[in-house]
Structure formats: structure tokens, C-alpha cells
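No experiment lies behind these values; they were computed from the predicted model shown.
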Amino acid sequence: MKKILSKFYHNYQNSSFRWIVACLWLISTAVSIYQLNHLSINFEFERLFGEDNEDRQFYEQHLKTFDYDNDYLIIILEAENTVFDTTFLQQVKRLSRKASELEGVESLLSPTEIPHLIKSPVGLSGIPLLHTKNPDRLASDSIRIYTHPLYRTLFADDAEALLVQLKHKHFQKPKGEQLLLSELESSLLEADFPNYRIVGKLTAQTEFINYIKHDFSMFLSLALLVTAVLLLLIYRSVRNMLLPYLISLSTLIYLLGIMASIGVELSILSVLIPPIILFVATSDGIHLLNAYRQNESFLYVDKLKGAVLKIFTPTLLTSVTTAIGFFSLISIPSAPVKELGIFAGLGVLIAFITNFILGPLLLPPKYKVKPLNIPYRQFTVGIMRNRFSITVLSSVIVIGALIGIFQLKTDAYLLKDLPEDSEIKYDFELVDQEFGGSKPWEMAIWPADSNLSVWDYHFLKEADIIDSYLRSEFGMQRLFSPVDLLKYGYQIERGGGASFYRFPPEEAFESSLKNIQRIKSRMNSATIADSSGKYARFAGFIPEWGSYATRQKNSDLQSFINTHVDSSIIQYRITGTTYLIDESNEMISWSLIKGLLLATALISIVLAFYFKSLKMLLISLVPNFIPLLITAGVMGFIGAPLKLTTAIIFAVAFGIAVDDTIHFLGAYKKAKATSHSWRLIKTFRSAGLSIVITSVLIIGGFILFTFSSFATTFYLGLFLSLAMLSALITDLFLLPLLLSGEE
């Protein structure tokens with residue numbers, strides 16, 4: 001290997017060779033920059049679902065009968081005084097009819113379009129739920145509405161707002177989503193609605209995308225600026241700072257160009273890739289530059305060869321181990337996590353290649369060694385004299401971290417990451433408070449006996465037990481199921497009074513069921529049961545309780561059904577997008593921790609071959625696990641939940657932090673001295689400055705993220721900075737003590 005490297009780098013004294021490499025650099029950079037025009041940012045909640053698990057498979061089968069429960073928009077229309085005003089209701093009516101004609105809208109539920117059905121001598125007839133042109137009838141209409149469990153869910157308690165809900169097709173591209181939202185808002189303005197709010201997946205995704213775009217562009221620009229400033233302050237030379245800076249910038253451009261060319265869209269996780277690659281590539285460049293500066297050879301080629309031979313193997317090792325750490329994320333059953341792992345790992349390898357091929361072009365041919373007056377000896381002596389204090393303090397910190405870890409819990413709020421002043425966040429909270437919930441919830445039900453139908457009396461009787469629990473104990477207000485259709489059928493049978501909206505006695509069951517058959521087209525019952533009568537669902541909305549509380553409610557519901565509902569009659573399964581997101585968050589969060597263990601195992605194999613010592617292998621892992629323990633402990637103490645966007649921190653932190661440890665141990669392994677202390681002094685002289693510089697740059701870059709008002713970005717910056725600071729301190733103070741006796 002040394003001969004191959006020596007021959008290759010011997011060519012850099014040839015100006016023609018350098019020009020060829022420089023031209024290739026410029027051409028490849030230009031091509032990559034051109035590809036950046038195709039780079040886009042997108043965020044779909046469905047992409048967070050776990051892949052190839054039973055819940056996902058069941059939901060995909062469920063979709064063959066019913067559409068996506070998340071393809072809805074809730075429009076809250078606010079009146080100046082009361083919604084029971086003919087002028088206001090006429091506006092609602094015009095809007096409802098116009099909105100139902102928009103491209104992509106499949107159905108619409110509006111109070112002005114709902115008939116109140118009654119049974120008359122000539123059959124079923126409908127009267128308007130709201131007499132939009134007759135103000136004298138609105139008082140009685142309001143009484144009917146607020147005394148009816150089904151109708152009242154469309155109106156706010158103070159009668160100052162009402163709800164219109166539309167179902168849209170499942171869009172595959174953001175362009176269709178944005179077009180529908182734009183046309184809907186235009187319709188609202190044309191209908192002269194000054195106070196309206198639109199709530200749904202489309203508005204939430206749009207808000208997330210806007211924040212991702214904002215944070216991506218702003219913090220990437222700041223990271224580039226801060227990196228340049230810190231390098232200038234450290235090296236006090238534009239020429240010296242250009243090597244790590246341009247290498248990192250080129251690596252980033254190459255990687256983003258590759259992602260753009262193959263159509264990869266940046267998600268809420270993949271926006272982490274640029275800062276990761278920026279800092280890793282900068283680290284590689286710093287190690288090369290410092291090794292070159294420390295080499296005492298006079299000839300350029302000899303200095304270059306000496307620098308490369310000194311750090312090539314440790315840098316290769318750190319690049320491979322870091323890439324392995326990221327590639328291990330491929331095992332996580334979530335598309336955004338896999339993308340992060342694949343492209344972060346690829347970027348690390350590109351950084352290594354870019355550094356050692358293009359880096360020499362930026363090294364000054366003539367460079368006078370300027371020894372820095374850094375008290376390495378005093379620092380080493382201080383550590384060895386205070387080994388007891390350092391050991392005790394480290395133990396206390398680890399114990400404290402473990403206490404904090406036991407307070408960690410998995411939890412996720414869909415919109416909690418948005419800033420407090422976010423209009424979208426306020427809109428969702430308004431729907432939660434005034435209209436019973438903004439998150440879809442559903443449960444599939446079917447007869448245990450395939451000969452039965454979902455319209456069988458005994459089946460619906462058992463379903464009514466579930467229905468009652470969902471309304472009284474679960475806390476669900478807006479809910480619709482076959483039971484509700486049956487109750488409405490009985491209400492029609494008894495003259496339309498709200499007091500008869502209840503489960504019918506057995507003798508009235510058949511007549512109530514016949515009424516359902518008559519009103520199916522008006523009530524859109526196909527959204528509740530399939531045409532064969534063998535499969536149905538409960539479909540409703542719940543407030544944003546958080547994944548932890550929602551999962552607990554689902555668990556309590558399942559316990560209730562298993563205890564109080566006859567399983568020989570009815571079978572069930574909770575499903576839907578909300579359930580899948582909550583379950584995926586739990587599964588993926590813990591899978592990331594397991595993936596970290598897998599990465600550790602793979603990295604351990606690589607390090608075992610390099611160090612050829614079990615003791616050195618174990619020593620190399622300790623300084624990288626302690627920062628993770630500290631970070632997890634702090635998360636537990638401050639109540640930061642373990643979720644997808646925080647669990648990923650551990651994999652990223654471990655992948656980056658292990659670099660400095662390997663460089664330190666690589667320098668220690670090569671240091672020749674008669675005592676442990678002198679080996680440490682030589683190690684600090686060789687690698688200590690590079691480790692400190694790279695860590696400061698990484699911490700400085702990630703800490704910028706804490707200035708974001710977007711909680712996801714803030715937590716990533718906070719905890720990654722904390723993990724990297726802990727890793728630096730551990731490498732400088734604890735690692736030397738762990739190496740005691742390793743001669």
C-alpha cells in the first residue's frame with residue numbers, strides 16, 4: 001500500500017498532472033452544480049410508515065375497500081356573530097357547491113347540503129337541515145342540530161363557526177396538492193369568507209415542507225459561513241483554510257448532484273445529510289492539512305507523501321467505520337431513514353476520495369513549519385495527576401445519565417414541532433378543541449362467521465358496545481360507523497326525532513335496516529361498509545393527544561373489546577394512517593437503537609482487524625458510548641421524547657464521534673516512547689490539535705440549528721452539539737486514562 005501511495009502522490013510534482021486533476025475537478029463540479037436544479041424537497045407522512053410489517057400489510061389490504069383516511073380537508077368557516085344567519089349560510093351553500101366541483105374533490109360534507117330525513121306516508125322524504133333562505137326557521141333548525149349527536153359535531157359550541165369537510169383523491173405529486181389548495185382558497189375568497197381555516201394533511205405537509213426548505217437553505221448557508229470563519233480564526237490564513245473548506249464544499253456538491261440526478265427528494269431526515277457531510281469532509285481535510293504542516297521534510301513531494309502515509313490509514317478507517325454506521329440504517333424499515341443512511345454513508349466515502357485526490361492541489365508547495373506553543377506536556381501531566389477525580393466524575397455523570405435514560409419515553413405529536421405562532425398549528429388546535437379532533441382514526445370490523453353480514457342484528461349489537469365505549473371512554477366525538485347508520489334508520493322509523501337516534505329494539509331492527517337501504521345513496525354508506533356486507537369500519541377523528549397517550553387509549557380499547565365483546569361474533573383491528581404513524585414511530589425509534597448496536601458490531605469487526613487487540617477495541621468503544629448515554633440522559637431529564645427525529649441523533653452522533661477516537665488511537669498506536677505518559681504527549685502533538693479543531697467546527701455548525709423555531713431542527717442541533725462536545729471531552733480526558741498500561 002505504501003508503494004502504491006508513494007507512486008501516485010509522486011505525480012503531484014508534475015504540473016501537467018496537477019492541471020489534469022484540476023480540470024477534472026472543475027468539470028465534475030460544474031456537472032454536479034447543474035444537477036442541483038433538479039433537487040427538490042418533499043414530505044409525506046405516509047413515508048414514515050414502517051415497511052413490510054403486519055400493520056402496513058393489513059392497511060394496504062384495507063385500502064382496497066376504503067380510501068386513504070388522511071385524504072381530507074376540513075374547512076372551518078367563522079361567522080361574525082352566529083352561523084344561523086341566512087346571508088352567512090347562503091355563502092356556505094355557494095362555497096360548498098363550488099368546492100365540490102373542484103378537480104380532485106371526490107365528495108363533500110356540508111351542513112347546508114345535508115337533508116334531515118323522515119318517514120312519511122309516501123315514503124322517505126327530506127327536509128333541509130338548515131333553511132338557508134328562511135330566517136324564521138333557523139331557530140328551530142339550531143335546536144334540532146344541537147340536540148342531535150350526529151349533526152352537532154359540524155358546529156362549534158358557541159355557534160360562531162361550522163365545519164365543511166371534503167374528501168380529495170390521493171395525490172402522488174405535490175403539484176396536484178398545491179393546485180387544489182390554491183383553487184380552494186380562491187373559492188373561499190370569491191365567496192367572501194374573510195375568516196376561514198383549512199385543516200388537513202395537505203396543509204400540514206405544506207407547512208412542514210416550507211420549514212424544511214427554510215431551515216435547509218438558511219442553516220446550510222450559515223454552516224458554510226461559520227465553517228469558513230472558524231477555519232480562518234484557527235489557521236489565520238486564507239490559503240490554509242481553503243483545503244478543508246473547498247474539499248467539504250466539493251463533496252457536498254457531488255453528493256447533492258448525485259441525489260438530484262437520480263430523483264431523490266430531501267425529506268425531514270435527509271436534510272441532515274448536508275451538514276453531516278460538510279463536517280465530516282472538513283474533518284478529513286483538516287487532518288491532511290495538519291499532517292502536512294507538521295511534516296519536517298523540505299521537498300514538497302516528500303512532505304506530501306509523509307503527510308498522506310501518516311493519516312491515510314486512520315482516515316480510511318474512520319471513513320469506513322462512519323460509512324458502515326450510516327449504512328446500517330438500511331436495516332431500519334422506513335424509507336426516509338434508509339435514504340439518510342445510504343446517502344450519508346456514500347457522502348462519507350466521497351469525502352475521503354475527494355480529500356486525497358483533490359486535497360494535494362490546495363497544499364502550498366513551500367510551507368515553512370511553524371511549531372505551535374501548545375502545552376501538550378503540562379496537559380498530559382495534569383490528566384495523569386487527576387486520574388482519580390476524572391474517573392469519579394465520569395462515573396457520576398454516567399450514573400446520572402442512566403437515571404435520566406429511565407425517564408425517556410417514546411412520544412410524538414404531529415404538529416408540536418411547529419412554532420407556537422404557526423397559523424397551521426393554531427388551526428389544528430382549533431379543530432381539536434371545537435370540533436372533536438383533526439386526526440383520522442379508524443378500526444376495521446368484520447364477522448367472525450363468514451356466513452354473517454355486518455348488517456346482522458347480533459353483529460351490530462356487539463359493534464354498538466364498541467361504539468358506546470369510543471364515545472364515552474375513548475373520548476371520540478366525531479365518529480361514524482354501521483351502528484350510526486342503524487341508529488339513523490331507527491330515528492327515521494320513529495318520525496325523525498333526535499331522541500330516537502339510538503340502537504333499535506330487536507322488533508324494530510328489520511324496519512330500521514330497510515330505511516338504511518333506502519338512504520344509502522344519500523348517506524354515502526359505501527365509506528362505512530363494503531358492497532358485500534362482509535367488511536366495515538369505525539371512522540372518526542381524535543384530537544392530537546400525542547402518540548404515547550393515543551397508543552395507551554388504543555391499548556385500553558383493545559382490552560375492553562377482548563373482555564366485553566363476543567369474539568365469536570365480531571373481529572376487529574385498529575388501522576389507519578394515525579395508527580400506523582404512531583406505531584411506526586415507536587417501532588422505528590427502537591429499531592434505530594438496535595441499528596446502532598448493529599453498527600457497533602460491524603465497526604468493532606473493522607477495528608479488531610486494525611488494532612489486533614481486544615483491549616484496544618473495547619477502549620475505542622467506551623468514549624463513543626458515554627456521549628450517547630449523556631445525550632439520552634439529558635433528553636430524559638428535560639422531557640424530550642424519543643421519536644424518529646430524535647432517535648436518529650444517536651446514529652448520527654456515533655457515526656461522527658468515532659472518527660476522533662480512531663484518529664487518537666491511531667496516533668497512539670504509532671507513537672514510540674518508553675512510558676505511557678510520553679506516548680500520550682506524542683499522541684496529543686500528532687492528533688490532538690486536529691481533533692479539537694474538527695470537533696469545534698462540528699459543534700459550532702450544529703449549534704446553529706438551535707436558533708431554529710422548528711422544533712425538529714432545534715432538537716437535532718441541541719443534542720448533536722451536546723453529543724459531540726461530550727465526545728470531545730471524553731476523548732481528551734477519559735480516553736488517555738483508559739489507555740493506561742497499554743504499551
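- The pair Glu493-Lys514 fails the salt-bridge criterion, with no side-chain N (NZ, NE, NH1 or NH2) lying under 4.0 Å from an Asp/Glu carboxylate O.
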**Request:** Check the pair Asp467 / Lys487 against salt bridge (Lys or Arg N to Asp or Glu O under 4.0 Å), numbers first and verdict last.
**Result:** CA-CA 11 Å; Asp467 185 272; Lys487 290 178 180 178; 3.3 Å; yes
**Item:** Residue pair Arg197, Glu78: steps toward the salt bridge (Lys or Arg N to Asp or Glu O under 4.0 Å) verdict
**Value:** CA-CA 8 Å; Arg197 302 187 181 277; Glu78 300 174 346; 3.4 Å; yes
**Item:** Residues Leu89, Leu162; criterion side-chain contact (heavy atoms from CB on, under 4.5 Å); working and verdict
**Value:** CA-CA 10 Å; Leu89 291 174; Leu162 58 77; 4.1 Å; yes
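- The CD1 atom of Ile145 sits 11.5 Å away from the CG atom of Leu150 when rounded to the nearest 0.5 Å.
- The aromatic rings of Trp446 and Tyr535 sit parallel to each other, their planes meeting at less than 30°, with 60° as the upper class boundary.
- Residues Lys534 and Asp530 are not paired through a salt bridge, judged by the lack of any N-O separation under 4.0 Å between the basic side chain and the carboxylate.
- Between the side chains of Asn562 and Tyr572, at least one donor N or O lies within less than 3.5 Å of an accepting N or O.
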**Request:** Apply side-chain contact (heavy atoms from CB on, under 4.5 Å) to Ile75 and Gln165, showing your working.
**Result:** CA-CA 6 Å; Ile75 308 168; Gln165 182 174 316; over 6 Å; no
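- For the pair Thr578 and Ile581, the minimum side-chain heavy-atom distance is 4.5 Å or more.
- Ring-centre distance between Phe509 and Trp455: not below the 6.0 Å cut-off.
- Checked options Trp545, Phe538, Phe560; the residue passing with Phe474 is Trp545 (criterion: ring-ring contact (aromatic ring centres under 6.0 Å, His included)).
- The main-chain N or O of Asp71 is never found under 3.5 Å from a side-chain atom of Lys201 such that the two would form a donor-acceptor pair.
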**Derivation and outcome, side-chain hydrogen bond (donor to acceptor under 3.5 Å, both in side chains), residues Gln178 and Thr206** = CA-CA 8 Å; Gln178 297 305 316; Thr206 300; 3.0 Å; yes
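- Within the 6.0 Å centre-distance limit, the rings of Phe541 and Tyr72 are counted as a close aromatic pair.
- Rounded to the nearest 0.5 Å, atoms OH (Tyr59) and CD1 (Ile574) are 14.5 Å apart.
- Annotation for Ser110 and Val164: closest pair OG-CG2, 3.8 Å, computed over non-hydrogen atoms.
- Across Pro482 and Ala536, no two heavy atoms sit closer than the pair CG-CB, 3.6 Å.
- Between the side chains of Ser438 and Glu544, no donor N or O sits under 3.5 Å from an acceptor N or O.
- The backbone N or O of Gln57 sits nowhere less than 3.5 Å from a side-chain atom of Gln61 that would complete a donor-acceptor pair.
- In this structure the side chain of Val565 reaches within 4.5 angstrom of the side chain of Ile466, judged on heavy atoms.
- Side-chain contact of His131 with Asp141: a donor-acceptor pair under 3.5 Å is present, judged by distance alone.
- If you look at Phe193 and Phe88, their ring centroids are closer than 6.0 Å.
- A distance of 11.5 Å separates CD1 of Ile542 from CD of Glu442, quoted to the nearest 0.5 Å.
- Using modelled atom types, one side-chain atom of Thr563 and one backbone atom of Ser559 make a donor-acceptor pair closer than 3.5 Å.
- Taking every heavy atom of both residues into account, Gly104 and Phe171 meet most closely at CA-CZ, 4.4 Å.
- Within the 4.5 Å cutoff, the side chain of Glu60 has no heavy atoms near those of the Asp55 side chain.
- No side-chain donor from either of Gln558 and Arg573 sits under 3.5 Å from a side-chain acceptor of the other.
- Checked against Phe459 for a side chain to side chain contact (heavy atoms under 4.5 Å, CB included), the options Ile570, Asp449, Asp464 give a single hit: Ile570.
- Inter-residue side-chain proximity for Glu177 and Leu181 is flagged as unmet; no heavy-atom pair is nearer than 4.5 Å.
- Considering only heavy atoms from C-beta on, Tyr501 stays 4.5 Å or farther from Tyr490 through its side chain.
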**Request:** Test Leu109 against Leu166 for side-chain contact (heavy atoms from CB on, under 4.5 Å), laying out the working first.
**Result:** CA-CA 6 Å; Leu109 174 67; Leu166 62 85; over 6 Å; no
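- Counting only residues at least two apart or on different chains, the side-chain hydrogen bond (donor to acceptor under 3.5 Å, both in side chains) pairs with a member in residues 81-94 are Gln90-Thr132.
- Going from atom OG1 of Thr203 over to atom CD of Glu207 covers 8.0 Å, rounded to the nearest 0.5 Å.
- By the 30° and 60° cut-offs, the orientation of the rings of Phe155 relative to Tyr146 is tilted.
- Cation-pi geometry between Arg537 and Phe66 is met: the NZ or CZ atom falls under 6.0 Å from the ring centre, inside 45° of the normal.
- Tyr469 and His564 share no side-chain donor-acceptor pair at under 3.5 Å.
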**Request:** Check the pair Lys461 / Glu506 against salt bridge (Lys or Arg N to Asp or Glu O under 4.0 Å), numbers first and verdict last.
**Result:** CA-CA 10 Å; Lys461 192 69 176 173; Glu506 190 168 3; over 6 Å; no
**Request:** Show the numbers, then the answer: is there a salt bridge (Lys or Arg N to Asp or Glu O under 4.0 Å) between Asp67 and Lys167?
**Result:** CA-CA 10 Å; Asp67 293 330; Lys167 183 184 178 303; 3.0 Å; yes
**Message:** Walk me through whether Val454 and Leu460 qualify under side-chain contact (heavy atoms from CB on, under 4.5 Å).
**Reply:** CA-CA 7 Å; Val454 296; Leu460 289 172; 5.7 Å; no
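- Proximity of His458 to Glu462: side-chain heavy atoms (C-beta onward) are nowhere separated by under 4.5 Å.
- Looking at His148 and Gln491, their side chains do bring a donor and an acceptor atom within 3.5 Å of each other.
- When all heavy atoms of Pro440 and Thr577 are compared, the pair lying nearest together is CG-OG1, 3.7 Å.
- Contact detail for Ser547 and Asp582: the closest heavy-atom pair is CB-OD1, 3.3 Å.
- Between Leu718 atom CG and Met635 atom CE the span is 9.5 Å, to the nearest 0.5 Å.
- Proximity of Ile74 to Phe435: side-chain heavy atoms (C-beta onward) are nowhere separated by under 4.5 Å.
- A donor-acceptor pair under 3.5 Å is formed between the side chain of His116 and the backbone N or O of Gly496.
- Ionic pairing of Arg97 and Glu101 is not present here: no N-O contact between side-chain nitrogen and carboxylate oxygen is shorter than 4.0 angstrom.
- In this model, no donor atom of one side chain and acceptor atom of the other lie less than 3.5 Å apart for Trp441 and Asp69.
- The aromatic rings of Tyr715 and Phe719 lie parallel to each other, their planes meeting at an angle below 30°, with 60° marking the opposite boundary.
- Side-chain atoms of Ser481 and Asp484 include a donor-acceptor pair closer than 3.5 Å.
- Side chains of Pro504 and Leu486 form a contact here, defined as non-hydrogen atoms less than 4.5 Å apart.
- Counting all heavy atoms, side chain and backbone alike, Leu188 lies closest to Leu95 at CD2-CD2, 3.3 Å.
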